[in-house]
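Read through the structure below, which is laid out as structure tokens, and then see the notes.
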Amino acid sequence: MCRTGQPDPHDAGDEQTSDAAFAALLEDSAEELYESAPCGYLSTLMDGTIAKVNTTLLGWLGLERAAVVGRMRFPDLLTVGGKLYHETHFAPLLRMQGEIGGIALEVKRAGGARMPVLVSSVVKHGDAGEPLLIRTTVFDARDRRAYEEELLRGRKAAEEARKQAEADRARLQEALAVLQQSLLPATLPPVPGVETAAHYHTASPDRLGGDFYDVFPVDGKRFAFFLGDVCGKGPQAAAVTSLTRYTLRAAALHDPDPVSALSTLNKVLHERYTGSGDPRYCTAVFGTLEPDPVTGQVAIHLASGGHPPVLVLRADGTADFLPTPGGLLVGVLPSARFVTATTCLAPGDTLLLYTDGLTEARTGQDRTSLYGDEALLAFAARHAGKSPTDVIQALTDLLDSFGAGLDDDTALLALGARAPTL
């Protein structure tokens, strides 16, 4: 048993033995380190003739030292493309700078195979500053090349996936655009004594909107018109839009009274979606117009179901809302109350219908303020007396000015009385 505080002589001997063994491992000669280095070394004369090369590089090339030293130039080890790059870029830069590093080249191996390498060279100068020889280090870049090829394959796959996604999105947008157009009238029919104009802004080409409008004849004297907004977006909203349009058209042919048409729509929507777990409803303005060919005036009768009030732009430069307060959303209750209103358009007057995407557009630098009813009324007053086509064009430009602040679909419909033709 060792006494406390005194070293064990056996432990000291073991430590000395371990140090000696470790030192022996490090007793490599400089020549051995050169020949067996994990990279290739070679020294060439200034004309490229190989004067010295290590075993590692010879092993990579599959060549004997006697066939290389004094018999080959460094460019002879390279592929055709490597030789061209060496002569046009590598060698001139090396002469100008005295060193060059990390150049990707390929060397030829016995049997014709290629091996990617990274080459660094430095010029050794004599005491008088004259260039004596070039020392070059060659690193195996096969793992790096494999990694780069894998990255390229990944990038190519990602690019192909991106292109496919873009093509799929383009096809989807085209299909949605066609479907969206099927939910809107291709053109508005000619109305005697009335000029009509409309515009539909889709907030996103990747989804179907729920806004709708239409103008159509109901008898020999009167025409019906409507504009509205279905809750929600996408295919479900499109289905409700389609149902709404055809229901209103059919209801108007049976009874063109605005309240009767909206009541029929309310009944259809409520019965169709009650208990479905996905209630659907809409806001809508439905009306009739009856032009007087003698005076040029157009009588308007309309009803509103929870929709923003329409605007009347007069030929004298004034504009105001046509109030329809208290109308209920269409389809929410089994029986709904709808508010009616009447007006008369004189030649030069215009009736403007719109959905809330216009008034709820976000404005200002921070995009937190809504455009609102007051701004719309002021806009209408500035364009009162203009034709429906000009009013719709001005509103289209306004929508474009909102940019990203316009994140909801918007439908616009303008009906204007024309002066009678003599």
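For clarity, every value in this text was computed on a predicted model and none was experimentally measured.
Rounded to the nearest 0.5 angstrom, T136 OG1 and L133 CG are separated by 9.5 Å. To the nearest 0.5 Å, atom OG1 of residue T410 and atom OH of residue Y200 are 8.5 Å apart. One finds the NE2 atom of H307 at 6.0 Å from the OG1 atom of T355 (value rounded to the nearest 0.5 Å). Rounded to the nearest 0.5 angstrom, K83 NZ and R73 CZ are separated by 9.0 Å. Note that the CG atom of L63 and the CG atom of D76 stand 10.5 Å from one another [nearest 0.5 Å]. For the atom pair F212 CZ and D229 CG, the distance stands at 7.5 Å (nearest 0.5 Å).
Using a 30° and 60° split on the angle between ring planes, F286 and F226 fall in the parallel class, below 30°.
Within a 6.0 Å radius of CZ in R109, other residues, nucleotides and ligands contribute more than 12 heavy atoms. In the displayed structure, Y213 atom OH is contacted under 6.0 Å by more than 12 heavy atoms of other residues, nucleotides or ligands. Around CD of E374, the count of heavy atoms belonging to other residues, nucleotides or ligands within 6.0 Å does not exceed 12. No more than 12 heavy atoms of other residues, nucleotides or ligands sit less than 6.0 Å from atom CD of E99. For E64, the CD atom counts as loosely surrounded, since its 6.0 Å shell holds 12 or fewer non-hydrogen atoms of other residues, nucleotides or ligands. Residue R162 places its CZ atom among more than 12 non-hydrogen atoms of other residues, nucleotides or ligands, all under 6.0 Å distant. Enclosure of atom NE2 in H254 is not indicated, since only 12 or fewer non-hydrogen atoms of other residues, nucleotides or ligands lie within 6.0 angstrom.
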side-chain contact (heavy atoms from CB on, under 4.5 Å) between V298 and E290, worked out: CA-CA 5 Å; V298 179; E290 184 174 353; 6.0 Å; no
Could you walk me through whether R114 and E106 pass the salt bridge (Lys or Arg N to Asp or Glu O under 4.0 Å) check? CA-CA 6 Å; R114 298 181 175 190; E106 286 186 329; 3.3 Å; yes
Using side-chain contact (heavy atoms from CB on, under 4.5 Å), reason through T359 and Y354 one step at a time and then give a plain yes or no. CA-CA 9 Å; T359 52; Y354 56 93; 3.9 Å; yes
Hey, mind stepping through H86 and L78 against side-chain contact (heavy atoms from CB on, under 4.5 Å) and telling me if it holds? CA-CA 9 Å; H86 182 274; L78 305 176; 4.0 Å; yes
Could you check L353 against F225 for side-chain contact (heavy atoms from CB on, under 4.5 Å), going step by step and ending with a plain yes or no? CA-CA 10 Å; L353 296 83; F225 62 90; 3.9 Å; yes
Steps toward side-chain hydrogen bond (donor to acceptor under 3.5 Å, both in side chains) verdict (E195, T389): CA-CA 8 Å; E195 179 182 345; T389 300; 2.6 Å; yes
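Side chain of D349 to backbone of A315: a donor-acceptor contact under 3.5 angstrom is found. For Y246 (side chain) and A250 (main-chain N/O), no donor-acceptor pair under 3.5 Å exists by modelled atom type. For N266 (side chain) and L333 (main-chain N/O), a donor-acceptor pair under 3.5 Å exists by modelled atom type. A donor-acceptor pair is defined here as one N or O able to donate and one able to accept, closer than 3.5 Å; no such pair exists between the side chain of T247 and the backbone of T244. Checked by atom type and distance alone, the side chain of Q297 never pairs as donor or acceptor with a backbone atom of T295 at under 3.5 Å. Of the possible polar contacts, one joining the H383 side chain to the F379 backbone as a donor-acceptor pair under 3.5 Å is found. A donor-acceptor pair under 3.5 Å is absent between the side-chain atoms of T318 and the main chain of R314, judged by distance alone. In terms of modelled atom types and a separation under 3.5 Å, the side chain of T363 and the main chain of S369 share a donor-acceptor contact. Between the T56 side chain and the E35 main chain, a donor and an acceptor come within less than 3.5 Å of each other.
Scanning both residues, A237 and G210, for their nearest heavy atoms gives CB-CA, 4.4 Å. Here the closest heavy-atom approach between residue V230 and residue C282 is recorded as CA-CB, 3.8 Å. The two residues D140 and W60 make their nearest non-hydrogen contact at N-CH2, 3.7 Å. Closest heavy-atom contact between P75 and E87: CG-OE2, 3.8 Å. The two residues N54 and A37 have their closest heavy-atom pair at ND2-CB, 4.3 Å. The two atoms that bring S120 and G101 nearest to each other are OG-CA, 3.3 Å, heavy atoms only.
Annotation: side chain of V119 is in contact with side chain of S121 (closest heavy-atom distance under 4.5 Å). In this structure, the side chains of V215 and L413 come closer than 4.5 Å at one or more pairs of heavy atoms. Proximity of K108 to L77: side-chain heavy atoms (C-beta onward) are nowhere separated by under 4.5 Å. Side-chain contact between D320 and L313 is absent, with no heavy atoms from C-beta onward closer than 4.5 Å. Proximity of L352 to L395: side-chain heavy atoms (C-beta onward) are separated by under 4.5 Å at one or more points. Inter-residue side-chain proximity for D214 and R249 is flagged as met; some heavy-atom pair is nearer than 4.5 Å. When side chains are defined from C-beta on, R245 counts as touching P185, because their heavy atoms get closer than 4.5 Å. Inter-residue side-chain proximity for P131 and K124 is flagged as unmet; no heavy-atom pair is nearer than 4.5 Å.
Taking the ring centroids of F90 and Y85, they lie at or beyond the 6.0 Å cut-off.
A donor-acceptor contact under 3.5 angstrom links the side chains of R65 and T55, judged on distance only.
At least one cation-pi condition fails for R135 and Y41: the charged atom is not both under 6.0 angstrom from the six-membered ring centre and inside a 45 degree cone around its axis.
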